[in-house]
Amino acid sequence: MIELSWPQVSARRLERAGLAGSPGPGRPDEMVAAMCGAHAQVMSAAEASIGLRLDGVTRSHVRDALWGSRSLVKTHGPRGTVHLLPARDLPMWVSAMSSVPVVNRAPETVRMTAEQTEQVVAAVREALAGAELTIDELSEAVVEATGPWAGDLVMPAFQGWWPRWRQALHLAAHRGALVFGPVRGRKVTYTAPPDAPPVDDGLHGLVRSYLAAYGPATPADFATWAGGPVTWAAKAFEGVETEEVLFVGKRARVLAGDTAVPGEPPRGVRLLPYFDAYVVAGRPRELLYPGEAAVRALAGGQAGNFPVLLVDGNVGGVWHQRRSGSRIDVTVEPLRELTSAQSRELDEQVRRLGEVMEGRPRLTIGPVTVGAHA
């Protein structure tokens, strides 16, 4: 059995994630496919995640891919969180995510029955056919189609209460009933997904994409990343041709024959924004976030709540950006002193961040006082 070390796997994953060496050529949708989706709850973070990996790509190019050429879609992806996904891969994602067993953990006074959930998904699908609706307009349509129970304000929200049906919003996306539409003023809209033939084996396709990007991995790793139970993930792995390897002394899987690793350990400095796909998928956490990094850059064990500084493949600090007009103040807090070469690389990363975000960056080395993103 082949044994792979952390430096070997780290270098392999960085290369496949577009984070090894200088930014390369490519389109936003191609890079998002390689990343297995770009987390987009914070849209500026998604723009930075994609742009920092590609030569000459800025936030405007990402937005054009989303709202111009429509080669990207914004929807609910793994774990029900908002992601940018390649439009061409959306049928695979819908097939995979719709296979996740539905477990309703809401209090009994809040939850819907299985029949009510199906009614909501059907109502969302019908309301968005050929339409772009704000959440309030969509809510009116769903309540009208299903009944007053759907509009009961029972779900605690940020500054109030959401109607009962909202608990099925991400499920409707996973079933292929909605994607995000263009912003109307300051309001988010939803619309129907682009027309595409459905696929039957999307879950196996997603496992293959995940293992290509983030293997070696176990079904438990995939379950955590995707947001499903381990039994579901284990069955999905059975439908894909894989090979078992020893990764830091434990059994894990890669795609059959996919055991190649770069000849050199990872080198370089990278800035990764909130919820970057690389750190969210990266495991084992204790190796990606060694020592003090686990205390400083993880939030209760959860990755992504802090933008991180990668140093030679490991988290070696945190950072934050604050924008005022065109000026972007970037504060970086390394966890150890950087070499002269690493400092020059950091300068280049900050310059590139300004280019991607279309602003004028200014770097400060010092403590980051901003807390974790919720």
Side-chain angles (χ1 to χ4, degrees), residues 7 10-28 30-32 34-35 38-39 42-63 65 262-279 282 288-290 293 296-297 304 306-368 370:
S10 178
R12 161 192 166 114
R13 290 175 179 173
L14 287 165
E15 185 176 86
R16 298 180 181 197
L19 295 171
S22 301
R27 303 194 311 265
E30 295 171 333
M31 181 52 65
V32 171
M35 295 163 64
H39 195 290
V42 180
M43 189 61 195
S44 60
E47 294 164 352
S49 279
I50 299 165
L52 286 170
R53 287 166 159 87
L54 293 170
D55 184 33
V57 170
T58 69
R59 68 189 308 184
S60 292
H61 294 103
V62 176
R63 291 176 179 180
E264 297 294 329
R267 291 285 182 264
V269 173
R270 299 288 180 271
L271 293 176
L272 300 184
Y274 284 117
F275 303 109
D276 188 90
Y278 183 79
V279 294
L288 181 57
Y289 289 79
R296 184 66 186 91
F306 288 95
V308 299
L309 174 72
L310 278 189
V311 180
D312 297 340
N314 298 326
V315 174
V318 296
W319 64 282
H320 185 259
Q321 62 172 313
R322 187 182 303 277
R323 186 161 193 145
S324 178
S326 64
R327 193 177 76 186
I328 304 173
D329 288 307
V330 180
T331 302
V332 178
E333 179 187 329
L335 296 178
R336 64 176 186 269
E337 187 173 352
L338 301 178
T339 66
S340 296
Q342 289 169 342
S343 294
R344 289 193 295 272
E345 283 189 281
L346 177 57
D347 288 339
E348 173 58 23
Q349 280 283 288
V350 172
R351 183 202 68 77
R352 178 63 186 136
L353 178 69
E355 192 175 75
V356 169
M357 303 310 291
E358 300 170 344
R360 296 179 294 110
R362 182 175 64 180
L363 171 62
T364 299
I365 302 293
V368 171
V370 178

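- Ring geometry, Tyr274 versus His320: the interplanar angle exceeds 60°, so the pair is classed perpendicular (tilted spans 30 to 60°).
- A distance of 4.5 Å separates CG in Leu310 from CG in Leu272, rounded to the nearest 0.5 Å.
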Salt bridge (Lys or Arg N to Asp or Glu O under 4.0 Å) evaluation trace for Arg351 with Glu355
CA-CA 6 Å; Arg351 183 202 68 77; Glu355 192 175 75; 3.3 Å; yes
Are Phe306 and Val315 close enough, and set up right, to give a side chain to side chain contact (heavy atoms under 4.5 Å, CB included), and what steps lead you there?
CA-CA 11 Å; Phe306 288 95; Val315 174; over 6 Å; no
Verdict with supporting geometry, Ser49 and His39, side chain to side chain contact (heavy atoms under 4.5 Å, CB included):
CA-CA 9 Å; Ser49 279; His39 195 290; over 6 Å; no
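- Remark: the backbone N or O of Val308 is paired with a side-chain donor or acceptor of Trp319 at under 3.5 angstrom.
- In terms of modelled atom types and a separation under 3.5 Å, the side chain of Arg270 and the main chain of Gln349 share no donor-acceptor contact.
- Considering all non-hydrogen atoms of both residues, Pro266 and Pro7 come closest at CD-O, 3.4 Å.
- For the residue pair Ser60 and Glu358, the shortest heavy atom distance occurs at OG-OE2, 2.5 Å.
- For Arg296 (side chain) and Glu333 (main-chain N/O), no donor-acceptor pair under 3.5 Å exists by modelled atom type.
- Arg323 contributes a side-chain N or O that, together with a main-chain N or O of Gly325, makes up a donor-acceptor pair within less than 3.5 Å.
- Considering Arg360, Arg322, Arg362 as possible partners of Asp329, the one that fulfils the side chain to side chain donor-acceptor pair (under 3.5 Å) test is Arg362.
- With rounding to the nearest 0.5 angstrom, the OG atom of Ser10 is 7.5 Å from the CG atom of Leu288.
- Across Leu346 and Leu338, no two heavy atoms sit closer than the pair CD2-CD1, 3.9 Å.
- We find the CG-CZ distance between Asp55 and Arg352 to be 6.5 Å, quoted to the nearest 0.5 Å.
- The minimum heavy-atom distance linking Pro23 with Leu54 is given by the pair CB-C, 3.6 Å.
- To the nearest 0.5 Å, atom CD of residue Gln321 and atom CD1 of residue Ile328 are 5.5 Å apart.
- Considering every non-hydrogen atom in both Gly18 and Arg53, the closest pair reads O-CG, 3.6 Å.
- With hydrogens and angles ignored, the 3.5 Å screen pairs a side-chain donor or acceptor of Thr339 with a backbone N or O of Gln342.
- Taking every heavy atom of both residues into account, Leu271 and Val350 meet most closely at CD1-CG2, 4.0 Å.
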